[in-house]
Amino acid sequence: GKLDWISGSALPGGPYLPVANPTFTGTLTGPGAIFTGDVSVEDNLYLTDAGTNRAKIQLNSTDRDNLDIKAVSLGSTMNFFTADTLALGLDASQNATFAGFVSTTELDLPSSGKIDWANGDARIIEGEVGGYSLSFEVYNGVDALERVLLLEKSKAATFSGTVTSPTFLGDLNGTINTLTTAVTQPN
């Protein structure tokens with residue numbers, strides 16, 4: 001049979017379907033819908049643009065307890081907002097850009113991982129010189145990052161520049177030039 005809409009002339013905001021708590025199968029189309037209460041979707045919820053799937057929310061096909069949120073168009077991005085302000089952006093290469101601070105109690109990087117500051121200002125690299133080493137690099141002011149400190153698993157520290165200190169405590173291996181006496185002190 002045919003389903004007739006109730007005329008909206010007698011009801012504010014109409015037209016309406018003449019049923020309470022309906023269950024629909026197939027495609028529900030129209031200029032828009034407002035739902036009050038729960039809406040259940042089996043498996044997938046698609047977001048389309050002129051009939052083209054652009055994004056979907058789905059139950060994971062391998063583990064139905066997991067949820068996938070996907071931007072499915074080529075080159076698409078995903079943006080997350082709070083209070084209508086961009087908080088997180090994910091680009092098509094899976095790079096994440098956070099608009100604010102990232103806070104954590106622990107940051108786990110893979111072996112040979114690195115922390116790289118924007119615009120090539122500085123970098124800390126694990127394992128660049130040898131296993132378990134840490135290289136600290138800073139921009140040289142001209143055209144590149146240069147290592148200024150290398151910490152090795154042997155606990156050796158190698159500085160590439162001058163190390164200054166008002167007081168030196170410990171064993172000397174090399175020479176010390178003192179400002180107060182202008183004399184080079186051998187070990």
Side-chain angles (χ1 to χ4, degrees), residues 43-49 52-180 184-187:
D43 297 332
N44 300 311
L45 177 64
Y46 294 94
L47 302 175
T48 62
D49 176 24
T52 301
N53 288 337
R54 301 292 184 187
K56 68 179 173 178
I57 301 172
Q58 70 181 29
L59 296 176
N60 183 283
S61 60
T62 304
D63 185 346
R64 311 283 288 165
D65 289 327
N66 293 332
L67 178 69
D68 298 333
I69 301 173
K70 297 181 175 184
V72 295
S73 299
L74 292 177
S76 54
T77 63
M78 293 179 70
N79 294 314
F80 298 86
F81 293 79
T82 58
D84 209 25
T85 301
L86 181 64
L88 167 63
L90 302 174
D91 70 16
S93 298
Q94 289 74 51
N95 296 315
T97 302
F98 292 86
F101 294 103
V102 176
S103 177
T104 181
T105 56
E106 183 175 324
L107 179 62
D108 294 318
L109 297 176
S111 293
S112 301
K114 63 183 172 185
I115 300 172
D116 204 354
W117 277 258
N119 303 316
D121 296 338
R123 181 183 298 149
I124 301 171
I125 307 169
E126 190 275 332
E128 180 184 41
V129 175
Y132 310 108
S133 68
L134 283 179
S135 299
F136 292 78
E137 299 177 347
V138 295
Y139 181 64
N140 66 10
V142 180
D143 61 358
L145 289 169
E146 292 182 359
R147 184 181 313 123
V148 294
L149 171 61
L150 171 63
L151 302 175
E152 299 185 65
K153 71 179 178 182
S154 66
K155 300 179 188 161
T158 304
F159 295 86
S160 61
T162 302
V163 177
T164 59
S165 175
T167 305
F168 175 80
L169 300 173
D171 296 325
L172 172 64
N173 185 6
T175 59
I176 295 178
N177 295 318
T178 62
L179 293 176
T180 56
T184 298
Q185 305 289 328
N187 48 330

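Side-chain contact check for I125 versus R147: every heavy-atom pair is 4.5 Å or farther apart. Considering only heavy atoms from C-beta on, T97 stays 4.5 Å or farther from D91 through its side chain.
Once rounded to the nearest 0.5 Å, the distance linking NZ of K70 with CG of N44 reads 8.5 Å. In this structure, CG on L86 lies 5.0 Å from CZ on F81, to the nearest 0.5 angstrom. To the nearest 0.5 Å, the span separating CG on D116 from CG on D121 amounts to 9.0 Å. T77 OG1 to N95 CG: the interatomic distance, rounded to the nearest 0.5 Å, is 12.0 Å. From T62, atom OG1 reaches atom CZ of R64 across 10.0 Å, with rounding to the nearest 0.5 Å. Note: T48 OG1 to R54 CZ = 9.0 Å, rounded to the nearest 0.5 Å.
Across F136 and L134, no two heavy atoms sit closer than the pair CE1-CB, 3.9 Å. Shown here for N79 and G89, the closest heavy-atom pair between the two residues is OD1-CA, 3.5 Å. Considering every non-hydrogen atom in both K56 and Y46, the closest pair reads CD-CE2, 3.5 Å. Across all non-hydrogen atoms, the minimal contact from T158 to E152 is OG1-OE2, 4.2 Å. Shortest non-hydrogen contact noted between A71 and M78 is CB-CG, 3.6 Å. Nearest heavy atom pair, residue S133 against residue V129, reads OG-N, 3.4 Å.
With a 6.0 Å radius and a threshold of 12 heavy atoms from other residues, nucleotides or ligands, Y132 has its OH atom at or below the threshold.
Judged by distance alone, with hydrogens and angles left aside, the side-chain atoms of E137 form no donor-acceptor pair with the main-chain N or O of A122 at under 3.5 Å.
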